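See structure below.
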2 protein chains.
Amino acid sequence: MARATEPTGAGAGVGARIRALREARGLSLSTLAAEAGIGKGSLSELETGRRNPTLETLYAVATPLGVPLAALLDDHDGAVVGDEGVVATRVRVVREPDRTTEVYLLRLAPGAERVSPAHPVGVEEQLVVLVGSGFVEHGDGPVPLAPGDHVRFAADRPHAYRAGPDALEAVNVIVTPVTSV
Amino acid sequence: MARATEPTGAGAGVGARIRALREARGLSLSTLAAEAGIGKGSLSELETGRRNPTLETLYAVATPLGVPLAALLDDHDGAVVGDEGVVATRVRVVREPDRTTEVYLLRLAPGAERVSPAHPVGVEEQLVVLVGSGFVEHGDGPVPLAPGDHVRFAADRPHAYRAGPDALEAVNVIVTPVTSV
DNA sequence: CGGCGGCGTTCCGTATACAGAACACTCTAG
DNA sequence: CTAGAGTGTTCTGTATACGGAACGCCGCCG
């Protein structure tokens with residue numbers, strides 16, 4: 001367990017995010033602490049990453065900031081996937097009787113590749129490229145990707161995303177019929 | 001502050017979610033605790049809502065479950081924007097020298113409408129519909145929207161999204177050249 | 001029947017997150 | 001220059017989250 005006096009890995013990121021949000025709103029540490037109903041000392045140490053906050057504390061802080069708690073975590077690991085240099089954050093899942101829709105934020109380091117085995121029949125993927133360049137492969141040879149591009153394809157075959165010389169970032173929407181898990 | 005022996009409001013939901021995920025994977029409490037590297041007593045009390053877990057503990061549990069921490073949090077509001085029945089959560093912002101790319105998760109209540117004034121010239125929007133139906137208007141008359149649909153248009157004219165009889169949920173990607181804000 | 005290995009819960013002592021007080025520092029006013 | 005009100009930090013005692021050790025309960029096997 002990390003010592004209280006040195007920044008906790010996870011806590012550090014959260015703390016920085018809170019401080020950024022607070023300052024963006026022009027709030028002082030004392031006022032935010034008061035609005036959140038927590039001690040200002042607690043908030044100070046929380047922001048500087050010297051605390052490992054409680055769920056209750058996190059909610060207390062997120063509320064007056066007007067953001068969902070998830071925004072503070074901004075996970076980015078969520079650790080859904082982690083081949084070398086690949087981070088996929090699941091941003092949203094919608095379960096309906098006849099299908100499940102998932103939204104991922106996909107980030108590939110320069111040259112990194114994310115290979116997916118074939119999904120069940122009927123699964124469809126869409127990709128909107130945010131930053132960088134690369135290729136997507138889904139059977140008919142590699143398709144080049146540039147910022148702003150949109151690709152849609154059936155994912156019931158093996159497919160892969162590959163980043164170019166720059167990091168590639170994209171939104172990935174996956175629609176799975178029926179339902180699993 | 002809540003007593004340790006009675007379920008915490010927030011903690012209760014998280015605990016239930018963890019238990020559900022664990023059982024869905026057929027894991028025993030002891031094994032999950034071991035994989036997470038936490039005491040099984042801690043996990044037990046966490047799942048039954050009798051603990052107010054620490055960020056570190058939450059991460060420890062989320063990781064072997066293979067879900068992002070945000071998935072444990074039921075949160076899902078975010079409310080960055082809110083005309084009547086409209087919620088837009090900004091999920092990601094990428095600032096580059098020559099453009100800014102923003103990703104929103106858009107949710108419109110049944111019949112609700114989100115009207116945007118014209119953005120600066122060169123701004124482009126894309127929409128991927130996750131759930132529900134509706135219309136997008138961007139000059140050339142209303143375009144119908146169905147789950148899985150993708151629309152791209154120049155946003156330098158006034159435009160609007162309107163939900164049909166069901167709630168409409170979509171990913172909205174906005175690319176703004178130069179840089180603003 | 002007793003023993004054994006699994007389960008989840010409750011109990012314990014220790015480490016630590018908490019609220020609040022005391023503190024150092026920077027401004028502005030008088 | 002001093003007083004005051006603001007900032008964010010560090011300190012202190014108490015409540016509690018933590019890991020780990022009982023504990024009770026079940027199903028299996030000898």
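Residue numbers start from 1 in every chain, and the chains themselves are labelled A, B, ... in the order their sequence lines are given, proteins ahead of strands. Every heavy atom of this structure was used, including side-chain atoms; hydrogens, water molecules and symmetry mates were not. No experiment lies behind these values; they were computed from the predicted model shown.
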Exercise. Only counting residues at least two apart or in another chain, list the ones meeting side-chain contact (heavy atoms from CB on, under 4.5 Å) with B/E35.
Key: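 B/E35 satisfies side-chain contact (heavy atoms from CB on, under 4.5 Å) with B/L27, B/P64 once adjacent residues are dropped.
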
Could you tell me how far apart [X] ([atom1]) and [N] ([atom2]) are, to the nearest whole angstrom?
{"X": "B/L55", "N": "C/dC18", "atom1": "CG", "atom2": "C1'", "answer": "16 Å"}
{"X": "A/E35", "N": "C/dA19", "atom1": "CD", "atom2": "P", "answer": "15 Å"}
{"X": "A/E56", "N": "D/dA17", "atom1": "CD", "atom2": "P", "answer": "8 Å"}
{"X": "B/N52", "N": "C/dT16", "atom1": "CG", "atom2": "C1'", "answer": "13 Å"}
{"X": "B/L32", "N": "D/dG19", "atom1": "CG", "atom2": "P", "answer": "12 Å"}

Practice problem: Salt-bridge test for A/R162 and A/E137: reply yes if a basic N is under 4.0 Å from a carboxylate O, no otherwise. | Solution: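 Salt bridge between A/R162 and A/E137, a charged N being under 4.0 Å from a carboxylate O: yes.
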
Exercise. Using a strict cut-off of less than 4.0 Å between a Lys/Arg side-chain nitrogen and an Asp/Glu carboxylate oxygen, indicate whether A/R152 and A/E125 qualify as a salt bridge.
Key: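 No, this pair does not count.
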
Quiz item: Distance only, no hydrogens: is a donor on one side chain within 3.5 Å (strictly under) of an acceptor on the other, for A/T54 and A/T57?
Solution: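 On atom types as modelled, these side chains do not qualify, holding no pair under 3.5 Å.
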
Quiz prompt | Inter- and intrachain pairs under salt bridge (charged side-chain N to carboxylate O under 4.0 Å, His left out), touching residues 164-174 of chain B, at least two apart | solution =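 Checked against salt bridge (charged side-chain N to carboxylate O under 4.0 Å, His left out) - neighbours excluded - the pairs reaching residues 164-174 of chain B are A/R92-B/E169, B/R107-B/E169.
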
Quiz item: Which parts of nucleotides 3-11 of chain D does protein reach within less than 4.0 Å, heavy atoms only, written one letter per nucleotide 5' to 3' as B for base, S for sugar-phosphate only and - for none?
Solution: ----SBBBB

Exercise. Measure the shortest side-chain to side-chain distance between A/L106 and A/V171 over non-hydrogen atoms and say whether it is less than 4.5 angstrom.
Key: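 Side chain of A/L106 against side chain of A/V171, heavy atoms only: no contact under 4.5 Å found.
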
